[in-house]
Each structure stands twice: as C-alpha cells, then as structure tokens.
Amino acid sequence: MNSLEEQIKKTVDEIAAGNAVPAMDTAVAGTFTGDPVAWLAQWTKSAAECEDGFDFAHRACASLADLTQADRYAIARTEDNGEYFTVDFHGAGAGVDTRAAGIRVPLVDPSLLTTVIRTSQALQANQTAGELVPAALPDSLAADVRMASTAVVPLNSEESTCGAIMLGSTRSRQFSESEMCLLESVGHLASAAISRTGALSRLSRQESMLRTLHGAMDAMMIVVNDRGEITDVNPAACLITGFEPGELIGRSLWSALLVSDDLPNIKKTWQRLKQRQCTERFESFVLTKRGSRRRASWSVSRFGGDNVAEAAVVCTAIDITERCEALDRATRAEAATAQAREMFTDLEQRIKTGEKQIEQAAEKSETPQGVSLERRARARRQYPYNQLIAPLRGTRAPDHQVFMETKCHDISSRGFSFVTDKQPDYERVVVAFGTPPMAVYLTADVRHVTAKHENGLPHYVVGCRYTGRVRAK
C-alpha cells in the first residue's frame, strides 16, 4: 500500500471515529495544489448527501482537475439503449469548443473513452514521439478537443458501466499513481452515488405507483400487524364499510370488521401465516358501520422480516355481496324451473295420451237436478306463481310482446286459473309454463269467470281448460 493510500485509510478511520481530518503529509503531496486527503474526505461526505450522482461526478471532477492542475475534464454518460453515450467537456482556454458539450457518440467509435466504457477498466494515454493523441477521444471530438494526456475511469452502476470520467491536459504529462488513485476514488464515489440516487428514484416511483394503486383500487385493502391491529386502510375499504380511517386504525380487525361466527376459521388462517410466508384465501362476512353484513372474498399475505414484531399482513378483499345474492336467486329460480318443467312435462304427456278420454268422461258426466257438483273433474293444486299469458285470437300464436306476466291461482292436469284486474273480453288464451326458451306453450279455453272483491277492489278469477299446444313465434 503506497503512502497516499495509507493516508486515505487513516483519514477514513479518523472520520469514522469522529475526529478532525489529519493534515496531509507533504512528502506525498506531489504537485497537488491542496491537501488531497482532506479533499477526498470532503467529497466522500458530499457523495453520501448528493441528490444526483452525475451532478456529483461533474462537481468532483471539476474540483479534482483544479487539485491536480489538469486543464480539461469530461463526463460521459451512456444512454438507456446501450448503443450511444453523451460527452460533456469542460475547461478554460483555447481549444475548447462549445460543440464539445452534450455530444452524442456511438459506442462503436474507436477511442480511449469508448474502450473504458466498454471494458470497465481505467486507462490513460500520453503524448508519444511529439504527437498529440486524438485516439483518446472519439473521431467526432478529436478535431475540436485535442489533448496530449488523458486519464479515464469508468462509472459503474448495478453491474454495468453507465459512463466515465476523464482528466486531460493539452500539455504532455504523466498522471501519477496518486493522481490516478484519486481519480479512481472519485469514480467509485460517483458510481456509488449514481447507484444510490438511481435506486432512490426507482423506489420513489414505485412508492408513488403503490400510493396511486392503493387509492384507486376498488377492492378493500387493510394492513394489520401480527397482533391483528389495523395499521392502514385504503379509500375503498372506507367506502364499503362506511368507517373513516381514524375509526379503524388501531382497532383489532376481529372486533371492528369480522363476524364472530367466522373468527375460528380466520384465526386458524392467521396461525398458518405466522408459520410461513404464503397467501391464504377465504370468504367471510364484513360488518359495516350501519350494522349490515357484506360478503367478501379475502386474499391475505404476510410480509416482513424474521422479527414477528416487524411483520405485517396485507388483506385485500373483494365485495361479492351482489354476486352471492345473484347466485342465490339463480339457484332458487333454477330449482323452481326444474320443478315446473317436470310438472309440465308430465302434464304434456297426460294431455297427449289422455285428452280424448278426459273429454269423453266429462261429456258423459251428468248432474242430477238440484244437486250442486264441483265443476272441476280433477282436483286442483294451489299455484301462486307468475306465468306469461296472452289472449289467443285466431289460430296463430301471439307475438312475444303480447304476453304479460300474470299471477296464477291454481292448476290441475286439465286446466288452470289465473287472476286479472279486468274482466276478460277473449275466449281463448295461450300460457307459457317454465322459463323461455325452454317454456311449454299451451292453449286453453276460458270456461268461467268469477268476480271477487279484495280490500274494496274488484278482480276476476278466470278458469281455463287446456285444448292443445302451440309453438311460440
């Protein structure tokens, strides 16, 4: 380890111990215009506090050029596509053209600068045999910025080279080992600053995206600690439950939102989450501020370190109340339809096989004078359901829009009756039993109409006898 490296290490140790920066040993000061160890200590602190890694590289290079009496310095930065880099040259005096700022250079151009970026190795070039060294720069810059001596150090970020820094001089000189050590130190500091500021920028974007997602998602999101205490909720959770954030944060999830009947299974799920990193899914009821219950589908994941106190559980829930209610209604409707379909299939078969016999038996039955006889030949069952009924005028089935939902009264294998507010002015009807398109359409004659009053309002019970079957239009 050379004397400068020893003094740098000693300075770092002193800074870490909180002591004052020791003075530079003049024996190794060389041609420096100041104390390089104190200088490096100052820029080490600056690198930890900077907000832009490349801005730090620019300022540190400018200061190092002054410290080492180099009259030129440059900053190169690769583009995201990895095919080009941009160069900014800085300095004073003749030979520096304004076109040397922000020049876009392909990485395939042969030069010392492109070689360092591509190989990630520090290099330097000096005047040889009285000739300048334009090969230190890309061809597009060599004619405008001519230097006799250059030293280039790569800037590395996340296992890839993101640029380079360069010291240069228009006079022939050899950059010493100490000067190269300082330049490489600046390269390391700038690389660390670029990585750190880049990571912070990405983290900030991710946090912004998560905050946006947190506020915009329709599903409930509730964050709780391992003790089950709510630490955060999103707007959707407040909208669904009716609670304000302050009314939920700090409370136990068990007592604030969950139903006691669901707690045993949910707490078993909680124990599984504590034992391993996984995602658990289940359904439960959620209590609202108004006291009602909403059905929710939960997805629960635990994250955090090995320390249980630092771990947290993210609970997302989709409100499936309407979906569950719709499924329940569909299930009941399907059961009723199946029952009706079975009954009407049997009815249709009876009509086909026994219509003539039923008619003949009805015609032969006579009622003795003075004896009251029930006019129904077969017993009827109560049937308080709505069916589609339409008047039948002529022989063709009516259009679908003519059918009206009408409440039935009772039903048998020979006929049925329905209730209407208006006295019918028709003699035949078509009734659809079942749910379209699987409904059975039967024709029937109106046999009797009975006027009744209920709550002071008149209505009519219309009795009908089946006569056949038609196909709907």
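Count residues from 1 along the sequence.
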Check the surroundings of atom [atom1] in [X]: do more than 12 heavy atoms from other residues, nucleotides or ligands lie under 6.0 Å from it?
{"X": "Glu342", "atom1": "CD", "value": "no"}
{"X": "Ile318", "atom1": "CD1", "value": "no"}
{"X": "Tyr426", "atom1": "OH", "value": "yes"}
{"X": "Glu79", "atom1": "CD", "value": "yes"}
{"X": "Gln382", "atom1": "CD", "value": "yes"}
{"X": "Glu283", "atom1": "CD", "value": "yes"}

With distance as the sole criterion, is a donor-acceptor pair present between the side chains of [X] and [Y] under 3.5 Å?
{"X": "Thr115", "Y": "Arg118", "result": "no"}
{"X": "Ser417", "Y": "Asp410", "result": "yes"}
{"X": "Thr316", "Y": "Trp298", "result": "no"}

So, taking the atom named [atom1] in [X] and the one named [atom2] in [Y], what distance separates them when rounded to the nearest 0.5 Å?
{"X": "Arg381", "Y": "Ser413", "atom1": "CZ", "atom2": "OG", "answer": "9.5 Å"}
{"X": "Leu442", "Y": "Gln387", "atom1": "CG", "atom2": "CD", "answer": "10.5 Å"}
{"X": "Leu189", "Y": "Cys50", "atom1": "CG", "atom2": "SG", "answer": "9.5 Å"}
{"X": "Tyr84", "Y": "Arg104", "atom1": "OH", "atom2": "CZ", "answer": "5.0 Å"}
{"X": "Leu183", "Y": "Met166", "atom1": "CG", "atom2": "CE", "answer": "10.5 Å"}
{"X": "Arg272", "Y": "Lys268", "atom1": "CZ", "atom2": "NZ", "answer": "8.5 Å"}

Practice item. Evaluate the criterion ring pair (Phe, Tyr, Trp, His ring centres under 6.0 Å) for residue pair Tyr441 and Phe403; output intermediate values, then yes/no. Key: CA-CA 11 Å; Tyr441 292 86; Phe403 284 84; 5.8 Å; yes
Taking the side chain as every heavy atom from C-beta outward, state whether [X] and [Y] have any pair of such atoms under 4.5 Å apart.
{"X": "Met404", "Y": "Leu388", "result": "no"}
{"X": "Tyr460", "Y": "Lys452", "result": "no"}
{"X": "Val429", "Y": "Cys464", "result": "yes"}
{"X": "Leu113", "Y": "Phe85", "result": "yes"}
{"X": "Lys407", "Y": "Pro384", "result": "yes"}
{"X": "Thr231", "Y": "Val224", "result": "no"}
{"X": "Phe285", "Y": "Leu287", "result": "no"}
{"X": "Val313", "Y": "Ser301", "result": "no"}

Exercise for review: Could you please spell out the steps behind the side-chain contact (heavy atoms from CB on, under 4.5 Å) verdict for Arg329 and Arg332?
Suggested key: CA-CA 5 Å; Arg329 289 194 299 269; Arg332 291 198 304 268; 3.6 Å; yes
Can you name the nearest heavy-atom pair linking [X] to [Y], along with the distance?
{"X": "Ala237", "Y": "Val233", "result": "CB-CB, 4.3 Å"}
{"X": "Met343", "Y": "Ile411", "result": "CE-CD1, 4.4 Å"}
{"X": "Gly187", "Y": "Val153", "result": "CA-CG1, 4.1 Å"}
{"X": "Met220", "Y": "Ala296", "result": "CE-CB, 4.4 Å"}
{"X": "Thr406", "Y": "Val419", "result": "CG2-O, 3.3 Å"}
{"X": "Ile222", "Y": "Leu257", "result": "CD1-CD1, 3.5 Å"}

Check your understanding: For the residue pair Tyr466 and Phe416, does the interplanar ring angle fall in the parallel (under 30°), tilted (30 to 60°) or perpendicular (over 60°) class?
Key ->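 The arrangement is parallel - the two ring planes meet at less than 30°.
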Check your understanding: Angle class for the Tyr73/His90 ring planes (parallel below 30°, perpendicular above 60°, tilted otherwise)?
Key ->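 If you compare the ring of Tyr73 with that of His90, the planes turn out parallel.
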**Study point:** salt bridge (Lys or Arg N to Asp or Glu O under 4.0 Å) between Arg428 and Asp445, intermediate numbers included
**Key:** CA-CA 5 Å; Arg428 302 177 68 201; Asp445 290 337; 3.7 Å; yes
Review point. Can you name the side-chain contact (heavy atoms from CB on, under 4.5 Å) partners of Lys267, sequence neighbours left out?
Key: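 Counting only residues at least two positions away or on another chain, Lys267 forms a side-chain contact (heavy atoms from CB on, under 4.5 Å) with Trp254.
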Quick test of your reading of the model: are [X] and [Y] salt-bridged, counting only N-O distances below 4.0 Å?
{"X": "Lys289", "Y": "Glu244", "result": "no"}
{"X": "Arg294", "Y": "Glu322", "result": "yes"}
{"X": "Glu229", "Y": "Arg251", "result": "no"}
{"X": "Asp425", "Y": "Arg393", "result": "yes"}

Return yes if some donor-acceptor pair links the side-chain N/O of [X] with the main-chain N/O of [Y] below 3.5 Å, else return no.
{"X": "Thr44", "Y": "Leu40", "answer": "yes"}
{"X": "Thr197", "Y": "Ile194", "answer": "yes"}
{"X": "Thr345", "Y": "Arg341", "answer": "yes"}
{"X": "Arg293", "Y": "Thr288", "answer": "no"}
{"X": "Ser63", "Y": "Ala60", "answer": "no"}
{"X": "Asp399", "Y": "Gln401", "answer": "no"}
{"X": "Asn234", "Y": "Met221", "answer": "yes"}
{"X": "Thr269", "Y": "Asn265", "answer": "yes"}

**Study point:** With sequence neighbours excluded, residues passing ring pair (Phe, Tyr, Trp, His ring centres under 6.0 Å) with Phe56
**Key:**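 Expected list: Trp43.
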**Study point:** Steps toward side-chain contact (heavy atoms from CB on, under 4.5 Å) verdict (Ser299, Glu280)
**Key:** CA-CA 6 Å; Ser299 177; Glu280 296 284 347; over 6 Å; no
Exercise for review: Would you please test Ser191 and Asn156 for side-chain hydrogen bond (donor to acceptor under 3.5 Å, both in side chains) and show each step?
Suggested key: CA-CA 5 Å; Ser191 296; Asn156 298 311; 5.1 Å; no
Exercise for review: Using the side-chain contact (heavy atoms from CB on, under 4.5 Å) rule, take Thr241 and Val286 through it: C-alpha gap first, then chi angles, then the decisive distance, then the call.
Suggested key: CA-CA 8 Å; Thr241 64; Val286 174; 4.0 Å; yes
Exercise for review: Decide yes or no on side-chain contact (heavy atoms from CB on, under 4.5 Å) for Cys238 and Phe243, but give the supporting numbers first.
Suggested key: CA-CA 5 Å; Cys238 297; Phe243 289 102; 5.8 Å; no
